[in-house]
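Data first, discussion second: the structure below is written as structure tokens.
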Amino acid sequence: MNKKEFYKKIFENNSELEIWKKLENGCYIGTLGYSENNIYILMALLKSFEEQYSETIDYEAAKSELYLYAKQGKLFIYFNKDGIPISMNGCVYNYENDTVDFTKDDNSTPTSIYFYGLSTLKEYRGQGACKELIKFAIEYAKYNEFDLVYARTDLTNSNSEWIMANAGLEICTENNQIIAEWVDVSETIGDYRLHMWLPLKEGLHLKAKDKAQFAYNDDSRKIIPITNISNKLKKDIA
């Protein structure tokens with residue numbers, strides 16, 4: 001079976017649990033489909049978001065997310081040598097975002113895979129699980145003829161930005177400014193995020209949408225005040 005056939009087989013598979021690859025370190029990459037048992041597995045993996053964003057992850061939240069992957073994407077799981085699921089990369093097909101517009105030369109909308117949920121159980125971090133999952137997902141996207149992959153992460157102090165950068169993803173910018181997005185985590189908590197992308201074909205472009213904000217593309221990554229943006233636009237027009 002060649003790579004295209006292999007990744008096409010994964011695309012078409014909806015099994016509750018399937019192991020696809022054994023890694024050199026004895027760990028595994030597989031997929032999870034929709035089932036009652038898998039809701040609890042996903043809920044445990046998503047707990048890292050509670051720690052990072054003060055976001056409550058309960059049964060209903062995990063159930064909704066697992067259903068999303070089953071209907072519109074794929075949930076890739078990293079299993080350790082003992083078969084314990086310790087890391088995830090939940091991918092969603094053609095997910096609409098509010099701040100970055102991806103286009104093709106003919107102005108049509110490219111097909112995409114969005115890395116919606118990337119996390120590792122705290123006690124297993126630093127062992128390369130996310131790195132392997134991202135690499136596998138990029139191959140999956142490439143051989144299933146998607147145009148690009150992209151992800152969203154924290155504007156500053158990101159735990160996953162360098163992992164994605166090492167896999168080839170670049171920060172989405174316009175006029176050398178970072179396209180930023182404010183995200184409400186709860187009614188009282190939120191933070192700024194950025195997008196990263198990796199085009200898999202030629203003739204792909206990006207631009208900021210109306211809801212986008214901008215951050216300085218330097219070490220500070222401070223949000224640019226709207227008045228500064230307006231002045232910059234006036235100079236560009238002049």
Side-chain angles (χ1 to χ4, degrees), residues 49 52-53 55 73 89-119 130-131 133-142 144-185 189-238:
F49 291 107
Q52 189 171 359
Y53 300 119
E55 181 180 0
N89 185 12
C91 299
V92 181
Y93 307 145
N94 304 316
Y95 187 82
E96 182 71 16
N97 74 83
D98 292 331
T99 52
V100 182
D101 186 25
F102 301 105
T103 60
K104 300 171 73 172
D105 279 343
D106 62 3
N107 292 321
S108 64
T109 301
T111 56
S112 64
I113 288 185
Y114 175 40
F115 297 165
Y116 185 87
L118 183 68
S119 67
C130 283
K131 175 183 176 182
L133 286 173
I134 291 172
K135 184 169 68 174
F136 193 86
I138 290 173
E139 289 274 286
Y140 174 82
K142 176 181 176 181
N144 277 294
E145 299 296 334
F146 284 90
D147 294 315
L148 64 98
V149 299
Y150 76 102
R152 188 175 67 181
T153 189
D154 298 311
L155 178 62
T156 59
N157 302 317
S158 171
N159 293 323
S160 57
E161 181 184 334
W162 71 272
I163 303 176
M164 291 187 286
N166 285 340
L169 278 76
E170 297 182 352
I171 296 172
C172 296
T173 62
E174 185 173 288
N175 297 324
N176 199 34
Q177 304 294 351
I178 295 173
I179 301 172
E181 176 180 3
W182 174 262
V183 175
D184 290 314
V185 177
I189 299 173
D191 57 16
Y192 286 103
R193 312 279 174 85
L194 57 76
H195 282 85
M196 302 182 72
W197 79 314
L198 174 63
L200 302 174
K201 298 178 182 178
E202 298 293 329
L204 295 170
H205 315 278
L206 66 82
K207 60 182 179 180
K209 291 184 176 179
D210 291 340
K211 292 184 179 180
Q213 300 187 55
F214 291 88
Y216 291 109
N217 194 7
D218 56 21
D219 291 339
S220 74
R221 294 192 176 181
K222 290 183 178 179
I223 293 296
I224 301 174
I226 298 298
T227 52
N228 287 6
I229 296 175
S230 298
N231 291 335
K232 183 179 184 304
L233 288 174
K234 288 177 183 177
K235 290 180 180 178
D236 290 342
I237 293 172

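Reckoned from all heavy atoms, side chains included, excluding hydrogens, waters and symmetry mates.
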Output yes when a side-chain donor or acceptor of [X] lies under 3.5 Å from a complementary backbone atom of [Y], and no otherwise.
{"X": "D218", "Y": "S220", "value": "yes"}
{"X": "T111", "Y": "D147", "value": "yes"}
{"X": "N144", "Y": "F146", "value": "no"}
{"X": "K201", "Y": "E145", "value": "yes"}

Do other residues, nucleotides or ligands put more than 12 heavy atoms under 6.0 Å from E170 CD? no
Taking atom NZ of K104 as the centre, report whether more than 12 heavy atoms of other residues, nucleotides or ligands fall under 6.0 Å from it. yes
Considering residues at least two apart in sequence or located in another chain, which fulfil the ring pair (Phe, Tyr, Trp, His ring centres under 6.0 Å) criterion with F102?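 F102: ring pair (Phe, Tyr, Trp, His ring centres under 6.0 Å) contacts with Y150, W197.
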Sequence neighbours excluded, which residues qualify as ring pair (Phe, Tyr, Trp, His ring centres under 6.0 Å) partners of Y140?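 Y140 satisfies ring pair (Phe, Tyr, Trp, His ring centres under 6.0 Å) with F76 once adjacent residues are dropped.
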Apply side chain to side chain contact (heavy atoms under 4.5 Å, CB included) to the pair I223 and L155, showing each step before the final yes or no. CA-CA 10 Å; I223 293 296; L155 178 62; 3.9 Å; yes
List for me each residue that meets side-chain hydrogen bond (donor to acceptor under 3.5 Å, both in side chains) alongside E96, sequence neighbours excluded, and say none if there are none. K209
So do the side chains of V149 and I134 get within less than 4.5 Å of each other, counting heavy atoms only?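 They are not in contact (no side-chain heavy atoms under 4.5 Å apart), so the answer is no.
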Search all heavy atoms of [X] against all heavy atoms of [Y] and return the closest pair with its distance.
{"X": "M164", "Y": "A151", "value": "SD-CB, 3.2 Å"}
{"X": "P110", "Y": "T103", "value": "CD-CA, 3.8 Å"}
{"X": "A165", "Y": "M196", "value": "N-CE, 3.9 Å"}

To the closest 0.5 Å, what do you measure between [atom1] ([X]) and [atom2] ([Y])?
{"X": "R221", "Y": "T156", "atom1": "CZ", "atom2": "OG1", "result": "8.0 Å"}
{"X": "L148", "Y": "L206", "atom1": "CG", "atom2": "CG", "result": "9.5 Å"}
{"X": "H195", "Y": "D98", "atom1": "NE2", "atom2": "CG", "result": "8.0 Å"}
{"X": "N89", "Y": "K135", "atom1": "CG", "atom2": "NZ", "result": "13.5 Å"}
{"X": "L200", "Y": "S112", "atom1": "CG", "atom2": "OG", "result": "10.0 Å"}
{"X": "S160", "Y": "L169", "atom1": "OG", "atom2": "CG", "result": "10.0 Å"}

For side chain to side chain contact (heavy atoms under 4.5 Å, CB included), just list the numbers for I178 and F214, CA-CA rounded to whole Å, side-chain angles, deciding distance to a tenth of an Å, and then say yes or no. CA-CA 6 Å; I178 295 173; F214 291 88; over 6 Å; no
Of T99, I171, I179, which meets side-chain contact (heavy atoms from CB on, under 4.5 Å) against L194?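 Single pass found, and it is I171.
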Checking R152, R193, Q213 against E181 for side-chain hydrogen bond (donor to acceptor under 3.5 Å, both in side chains), the one that qualifies is R152
Starting from the C-alpha separation in whole Å, work towards a yes-or-no answer on side chain to side chain contact (heavy atoms under 4.5 Å, CB included) for C91 and F115. CA-CA 5 Å; C91 299; F115 297 165; 3.7 Å; yes
Would you check if there is a donor-acceptor pair between the side chains of H205 and D105 at a distance under 3.5 Å? yes
